Structure formats: structure tokens, C-alpha cells
Amino acid sequence: MKVNWVKACLIIGFFGLLLGFMLKHLLPHDLDKIKLTDELHPIVAEKKEKLIQQANEKGIVVIITAGFRTLEEQNDLYEKGRLKSGSIVTNAKGGESLHNFGLAIDFALLNKQGEAIWNMEYDGNDNGESDWMEVVSIAKDLGFEWGGDWSGFKDYPHLQMTFGWSLRELQQVKSLQNSKSE
């Protein structure tokens with residue numbers, strides 16, 4: 001078999017350029033500058049406290065039902081309605097949720113009896129507006145994205161901050177940090 005070395009070099013060169021382009025333009029250069037921990041990101045934690053305070057000023061009691069989640073906890077939630085009894089509550093497996101990166105919280109309201117509720121129509125402060133949507137409005141003003149705005153699976157208790165990072169970038173950072181710790 002006769003090898004055409006010119007064609008082989010051109011093909012290898014093309015794929016080298018393609019790989020270089022992808023590394024330069026598709027992946028961020030500063031992945032190692034993103035610090036991930038096993039808790040809420042400090043800004044998310046600060047905004048969470050402001051959310052609770054500002055809602056309370058409107059006569060709405062908010063409780064945070066979830067923050068940082070381990071991969072195991074996320075996988076356990078993913079199995080609900082699939083491998084375990086109950087309704088499906090998430091489409092995200094472990095490592096696919098911003099909870100796993102400390103960038104998301106879930107909330108509920110406390111009614112006048114002190115019970116946690118997820119009722120989007122509830123008007124406990126009697127101002128003619130849904131307390132739930134008042135909390136969502138406060139959250140958005142604080143910089144949170146709301147899971148109820150998603151086009152696919154609606155996650156109404158979910159609030160998140162991405163800081164411009166994609167899930168893929170966060171997964172890559174986690175992978176880099178895990179490989180450095182080994």
C-alpha cells in the first residue's frame with residue numbers, strides 16, 4: 001500500500017488546527033480560576049439571606065429546602081418517580097444540577113399555621129398577590145434565575161445563579177479539581 005505523505009500531513013494538520021480552534025474558542029481559558037466547594041457559593045448564600053429578609057419585610061416567610069447537594073443526594077432525587085416511588089422531581093442526575101456546584105437553592109413558603117407549602121396561589125400577606133410570585137420577583141431582582149421560566153421541565157421552587165458559567169464548564173472544573181486532588 002502506497003501512502004500519500006502529503007495528503008496525510010494535510011489531514012493531520014487540519015485536525016491539529018481544528019483542535020486548536022476548539023480549545024481556544026469553545027473552552028474557557030480560566031477554568032482553574034473557578035473555585036468549587038461543597039457548600040453554597042458565597043454570593044448565592046448572601047443573596048439567599050437577602051431573599052429571606054426582603055420577603056419577610058413583605059410579610060412572607062420563606063424557607064430554603066435545598067442548597068448544595070452531593071452527587072449521591074442528586075442521584076437519589078433523580079430516582080424518585082423512576083426507580084423509587086413518588087413523582088419525578090428533577091431531570092438532573094448527579095453532576096448535572098447547579099445544586100451540585102453550590103449555585104442553586106430551592107424554597108418553600110410557610111403558611112400561617114407554620115407549615116411548609118409549595119402553593120403558587122397562596123396569598124398569606126393578604127395583598128391580593130401570590131406570595132410565591134412575589135418571592136420570585138424578589139429573587140430575580142437579586143440576580144437569581146427561576147426554574148419556572150424554563151422552557152422544558154418547570155422547577156418552580158428552584159432558584160440559581162450561573163455567573164455566566166455553563167454546566168459543561170462547571171463539570172470540567174470539577175473534573176480538573178478531582179484529578180489534581182488524586
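Heavy-atom basis, side chains included; hydrogens, waters and symmetry copies ignored. Starting from 1, each residue takes its place in the sequence as its number. Given the structure is predicted, the values throughout are model-derived calculations rather than measurements.
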Do [X] and [Y] share a hydrophobic cluster, counting only Ile, Leu, Val, Met, Phe, Trp and Tyr and linking them when any side-chain heavy atoms are less than 4.5 Å apart?
X	Y	result
L103	L71	no
W118	V62	yes
V89	Y156	no
I63	I117	no
L109	L142	yes

Taking only residues two or more places apart in sequence, or in another chain, which ones meet [X] in a side-chain contact (heavy atoms from CB on, under 4.5 Å)?
X	result
V136	F107, W132, M133, K140, W146
E115	N111, Q113
E129	N127, E134

Value rounded to 0.5 Å, distance of [atom1] in [X] from [atom2] in [Y]:
X	Y	atom1	atom2	value
I64	L159	CD1	CG	7.5 Å
D155	Q160	CG	CD	9.0 Å
K154	D149	NZ	CG	6.5 Å
D131	M120	CG	CE	12.0 Å
K50	K47	NZ	NZ	4.5 Å
D141	L51	CG	CG	10.5 Å

Worksheet item: Restricting to pairs with a member in residues 78-98, which pass ring pair (Phe, Tyr, Trp, His ring centres under 6.0 Å), not counting sequence neighbours?
Response: none
Worksheet item: Stepwise, does the side-chain contact (heavy atoms from CB on, under 4.5 Å) test hold for M161 with H41?
Response: CA-CA 9 Å; M161 291 184 166; H41 185 283; over 6 Å; no
Response to the item:
Applied to residues 101-110, the salt bridge (charged side-chain N to carboxylate O under 4.0 Å, His left out) test, sequence neighbours excluded, yields R69-D106
Discussion item. Give me each pair satisfying salt bridge (charged side-chain N to carboxylate O under 4.0 Å, His left out) with a member in residues 77-91, each pair once, sequence neighbours excluded.
Written reply: D76-K84, E79-K84
Worksheet item: side-chain contact (heavy atoms from CB on, under 4.5 Å) between L98 and L170: does it pass, once the steps are laid out?
Response: CA-CA 9 Å; L98 291 186; L170 292 166; 3.4 Å; yes
Discussion item. Do V173 and W165 have side chains that approach each other closer than 4.5 Å (heavy atoms only, starting at C-beta)?
Written reply: no
Discussion item. I want to check something: taking the side chain as every heavy atom from C-beta on, are F163 and V44 in contact at a cut-off of under 4.5 Å?
Written reply: yes
Discussion item. Taking D126 first and then K112, would you say they form a salt bridge - that is, a charged N and a carboxylate O separated by under 4.0 Å?
Written reply: yes
Discussion item. Given 3.5 Å as the limit, does a donor-acceptor pair link the side chain of Q74 with the main chain of A92, or not?
Written reply: yes
Item to complete: Apply the test side-chain contact (heavy atoms from CB on, under 4.5 Å) to residues F144 and I138: give CA-CA distance (whole Å), side-chain angles for both, the deciding distance (0.1 Å), then the verdict.
Response: CA-CA 9 Å; F144 282 102; I138 295 167; over 6 Å; no
Practice prompt. Please name the pair of heavy atoms, one in K48 and one in L40, separated by the smallest distance, quoted to 0.1 Å.
Written response: CD-CD1, 4.1 Å
Worksheet item: Which pair of non-hydrogen atoms, one from A104 and one from H158, has the smallest distance, and what is that distance?
Response: CB-CE1, 3.4 Å
